Amino acid sequence: MKSIPFFNYPDLFAQHGKELTDIFRMVSSRGAFIMQDDLIQFENKLAKYTGIKYALGVANATDAMQLLLKAGGIGVGDEVIFCSHTMVATASAIKFTGARPVPVEAGADHLMDITSIEAAITPKTKAIMPTQLNGRVANMDAILKIANQHNLQVYEDSAQALGAKHKGKSAGSFGLGGCISFYPAKVLGCFGDGGAVLTNDKDIYNKIKLMRDHGRGEDGNVSVWGYNSRLDNLQAAILNYFFDDYEVIIQRRRAIANLYSESLRNLVSVVLPPSIGNNPDCFDIFQNYEIEALKRNELKEYLSSKGVGTLIQWGGQAVHEFRDLGFTQSLPFTENIMRTSLLLPLNMSITDDEVDYVCQCIKGFYND
Ligand SMILES: *Cc1c(COP(=O)(O)O)cnc(C)c1O
């Protein structure tokens, strides 16, 4: 039987083993582990690639968001609006500043539903924080317009969207800042945890630069309370290596998404994500290929029996459905997305033939 794992970590190492062990040898022989050249090099590359002024490596994207929100002045008494189809990390970053996370609906494209934002605004609302989910940027024109009308800040959870664009502008560039995650299964993944803050705001950059390293300045003086949230230099070196081929990686991911959409588009039982070129304003990097499927759980099980690994994002629950966290909202459109959505395998290991096999299995399941 075929085996097409959702993500093939061992294969990734097998493909790049020699280069990766060379990197380990090089960095270790220099003893360059914390805040060293590879990190600075990587930060420069990130800023250049995204066209965003400043990039700072931090321990993970969750920290990146928390640092961003704190640097932007979010705190006790504030409310921040986010889209509930996101990782709980978006909300926890808001929560740990002392502010209240306020979830709103996702729309048909699974991104923040523009029409739900205004009803969630109260006198306490301080910011809107869309998630650039699945490697696609939300309608930032509309979000920025609402933010301007109500005098709100904008932050982005762009953890899944390094290199994704809206009207030629990169994810992370629209408001006060964005975060990127280098979790191993992300489009640019390291071999452990890693993240970055992207911002065009010098003040935010300066604050986070201090905060990520115990509040210490270059002269050793501690001027603010800080954290230990640094991106390991070894991880930065690995990221430098993969980042050099990032264009190739994105093109391959878009090609796989295109294969799925060409093959599955006539199925009445599934709803596909926006296809490449469906909207010239959007440049998607396809962190995920998230379909909505009739009899989702049965389909998942059937695919598994055929050797195909799939994933239900966030374990199938939107953030506001975690009632133990104190949420009371009802967001029926998002809840329906959570009951029907499934991620198909899309990674740098899968071949065209394997994508075709996955599609044939899906068609077989629906007898189509
Ligand atoms: C992966 C992810 C995060 C968290 O990233 P970490 O680097 O693991 O902290 C946050 N938000 C979204 C949308 C993500 O996909």
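The chain is numbered in sequence order, starting from 1. Computed from a predicted model, the values in this text were never measured in an experiment. For ligands, and for the atoms within them, numbers begin at 1 and follow the listed sequence.
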* To do: May I ask you to check whether Phe42 and Phe182 place their ring centres under 6.0 Å from each other?
  => yes
* Proximity flag Gly194 to ligand 1, non-hydrogen atoms under 4.0 Å -> yes
* Give the numbers and elements of all ligand 1 atoms closer than 4.0 Å to a heavy atom of Ala159. => 2 (C), 3 (C), 10 (C), 11 (N), 12 (C), 14 (C)
* Asked: Between the candidates Gly189, Pro184, Ser181, which shows the shortest non-hydrogen contact distance to atom 6 (P) of ligand 1?
  -> Ser181
* To do: Evaluate the side-chain proximity of Val80 to Val102: yes if any heavy-atom separation is below 4.5 Å, no if none is.
  => no
* Asked: Quick one: does Asp157 get an N or O within less than 3.5 Å of an N or O on ligand 1?
  -> yes
* Heteroatom proximity flag, Trp314 to ligand 1, N/O under 3.5 Å -> no
* Not counting sequence neighbours, which residues clear ring pair (Phe, Tyr, Trp, His ring centres under 6.0 Å) with Tyr9? List them please. => Phe7
* Under 6.0 Å between ring centres, would you say that holds for Tyr227 and His214? -> no
* For the rings on Phe327 and Phe322, is their centre-to-centre separation under 6.0 Å? -> no
* Decide, yes or no, whether a salt bridge links Lys209 with Glu218 under the criterion of side-chain N to carboxylate O below 4.0 Å. => yes
* Could you list which atoms of ligand 1 come closer than 4.0 Å to a heavy atom of Thr131? => 13 (C)
* atom 9 (O) of ligand 1: which protein heavy atom is closest, and how many Å away? -> Thr62 OG1, 2.5 Å
* Would a line drawn from the ring center of Phe283 to the ring center of His166 be shorter than 6.0 Å? -> no
* N/O of Ala61 under 3.5 Å from N/O of ligand 1, yes or no? -> yes
* **Atoms in ligand 1 flagged as close to Met87, the criterion being non-hydrogen separation under 4.0 Å** => 2 (C), 3 (C), 4 (C), 10 (C), 11 (N), 12 (C)
* Does the side chain of Thr334 come under 3.5 Å of the side chain of His85 through a donor N or O and an acceptor N or O? -> no
* For atom 2 (C) of ligand 1, find the nearest protein heavy atom and state the residue, atom name and distance (0.1 Å precision). => Lys186 NZ, 2.7 Å
* Asked: Does the N or O separation between Gln160 and ligand 1 drop below 3.5 Å for any pair?
  -> yes
